[in-house]
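Below: one structure, written as structure tokens.
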Amino acid sequence: MKTFPLNHDDLVKLTEQFPTPFYLYDEKAIRENMRRFTKAFSIFPVFREYYAVKACPNPYILKVLASEGCGADCSSLPELMLSSMSGIKGKHVMFTSNETPANEYKYAFANGNIINLDDITHISFLKNALGGKLPDTICFRYNPGPAKHGCNSIIGKPEEAKYGLTRDQMFEAYKICKEEGVQHFGLHTMVASNELNPNFFVDTAKLVFELAAEVKEKLGVRIEFVDLGGGLGIPYKPEQKAVDYDEVAKGIRAEYDRVIVPAGLDPLEIYWECGRPITGPYGWLVAKAIHEKHIYREYIGLDSCMADLMRPGMYGSYHEVTVSGKENAPRDHVYDVVGSLCENCDKFAVQRELPKIDMGDLVIIHDAGAHGRAMGFNYNGKLRCGELLLREDGSVKEIRRRETIDDLFSTLDLAGVDDFKA
Ligand SMILES: *Cc1c(COP(=O)(O)O)cnc(C)c1O
């Protein structure tokens with residue numbers, strides 16, 4: 001049974017102050033989870049989690065994570081800026097971008113961030129962007145192609161993915177950079193999304209450790225850190241099991257002892273850039289049931305829509321749905337729980353067994369703390385909802401207000417349209 005940090009009465013009171021829909025994040029749970037994650041990987045000489053900012057790009061969340069020792073993984077200028085604003089600076093920012101404009105590389109370089117290149121041609125692109133020199137530290141994103149089997153559907157087969165360098169190109173890239181005087185090297189890969197099998201990550205680590213060993217042997221280039229990317233999944237469905245961090249860490253440590261230590265690469269710094277497992281289970285979208293209709297199916301219409309949470313519509317993702325105050329009621333109704341977008345994929349749940357829902361009931365959509373509010377959009381003139389942070393002392397802080405119609409119209413020239421003759 002999925003949990004929610006507020007009881008029914010407290011949630012009702014909260015909705016009197018902050019009307020639905022809104023996101024609620026649980027600071028205490030985020031911190032406790034982050035501590036478990038860090039503890040599991042403390043079996044490595046140096047470990048750092050670079051939180052994937054795209055998962056929940058809110059500076060308050062980033063500050064909470066930074067205070068737990070997290071860095072930030074970014075892929076755009078605004079994400080780099082958000083990290084900086086949140087006090088995450090220098091080498092604590094990983095710039096894992098692709099198809100990157102020159103000015104974004106310049107900003108990352110000027111701020112001392114680690115630049116993770118997505119292609120061999122980006123070496124000269126970066127050099128040009130920086131006025132003829134390369135940074136001291138460079139990381140490359142490895143695409144293992146067909147060498148990595150069993151990848152899941154969100155990211156797809158590595159050989160069909162747009163990211164990273166081939167194995168041959170990795171060697172060439174380190175060689176070029178060594179000749180150019182680059183001093184410190186990293187190796188990154190990310191070949192999964194929302195993967196729950198711990199062995200998958202152990203296998204991936206093995207692949208990159210072996211590559212790091214071979215790079216040292218063949219080129220004399222010492223890779224100082226390995227970034228294992230994101231992709232650790234969370235159990236969205238009730239029958240799924242959370243990834244055991246200790247199991248993943250111990251499995252990777254065994255490969256480290258087998259490959260990295262004999263290769264003379266110890267101490268090798270181990271990085272992750274996870275988003276989903278860090279905040280995903282600790283954020284909820286709270287909405288209100290405002291319509292019910294009885295046609296060929298039973299529908300419950302919420303005051304929210306896919307603009308607030310597009311994962312179900314975009315990927316067909318499952319999110320657990322509960323009704324506040326009816327947690328223990330029998331699930332003896334079958335509903336499609338839907339939003340207001342003029343798109344039939346705008347359904348938070350399809351043919352879901354739920355307790356009887358009455359108008360005004362507060363409907364809680366679980367595991368929305370990563371890739372939730374962040375993916376929102378304004379199609380159909382929909383205004384995205386705000387975000388609330390439940391602090392450890394039980395108080396609630398609004399960390400993003402809801403959008404207004406003025407926000408939506410702010411890019412239009414409404415004064416000029418009066419004089420415009422069509
Ligand atoms: C999306 C992404 C992540 C985070 O993925 P999660 O599934 O949220 O852990 C990390 N690194 C890169 C390069 C990404 O694109």
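Whatever order the structure lists ligands and atoms in, that order sets their numbers, starting from 1. These figures come from a predicted structure and were not determined experimentally.
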Paired with Phe140, the ring-ring contact (aromatic ring centres under 6.0 Å, His included) test is passed by just one of Phe171, Phe225, Tyr163, Tyr174, namely Tyr174
Examine ligand 1 and decide if any of its atoms is less than 4.0 Å from a heavy atom belonging to Cys274. yes
For residues Trp272 and Glu49, determine if any side-chain heavy atom of one lies less than 4.5 Å from a side-chain heavy atom of the other. yes
Looking only at protein heavy atoms, identify the closest one to atom 5 (O) of ligand 1 and say how far it is in Å. Met190 CE, 3.7 Å
Using distance alone, determine whether Asp73 and ligand 1 share an N or O pair under 3.5 Å. yes
For ligand 1, find out whether one of its N or O atoms is nearer than 3.5 Å to an N or O atom of Arg276. yes
What atoms of ligand 1 come within less than 4.0 Å of a heavy atom belonging to Thr96? 13 (C)
Is there a polar contact between ligand 1 and Gly231, counting only N or O atoms under 3.5 Å apart? yes
Is there a donor-acceptor contact under 3.5 Å from the side chain of Asn143 to the main chain of Leu165? no
Does Asn199 offer a backbone N or O that forms a donor-acceptor pair with the side chain of Asn197 under 3.5 Å? yes
Mind checking whether Asn194 has an N or O less than 3.5 Å away from an N or O of ligand 1? no
Does the pair Arg391 and Tyr60 meet the rule for a side-chain hydrogen bond (donor to acceptor under 3.5 Å, both in side chains), with working shown? CA-CA 11 Å; Arg391 306 290 326 261; Tyr60 289 83; over 6 Å; no
How far is atom 9 (O) of ligand 1 from its nearest protein heavy atom, and which residue and atom is that? Gly275 N, 2.8 Å
Indicate yes or no for a side-chain donor-acceptor contact from Glu327 to the backbone of Gly325 under 3.5 Å, with no hydrogens or angles considered. yes
Using a distance-only test with no angle check, is there a side-chain donor-acceptor pair under 3.5 angstrom linking Tyr299 and Arg297? no
Could you say whether the N/O atoms of His371 and ligand 1 ever approach to under 3.5 Å? yes
The protein heavy atom nearest to atom 11 (N) of ligand 1 is Glu273 OE2, 2.7 Å
So is Arg400 actually on top of Tyr23's ring, under 6.0 Å and inside 45° of the axis? no
For atom 1 (C) of ligand 1, the closest protein heavy atom turns out to be Lys54 NZ, 1.4 Å
Where on Arg141 is there a heavy atom closer than 4.0 Å to ligand 1, on the side chain, on the backbone, on both, or on neither? side chain
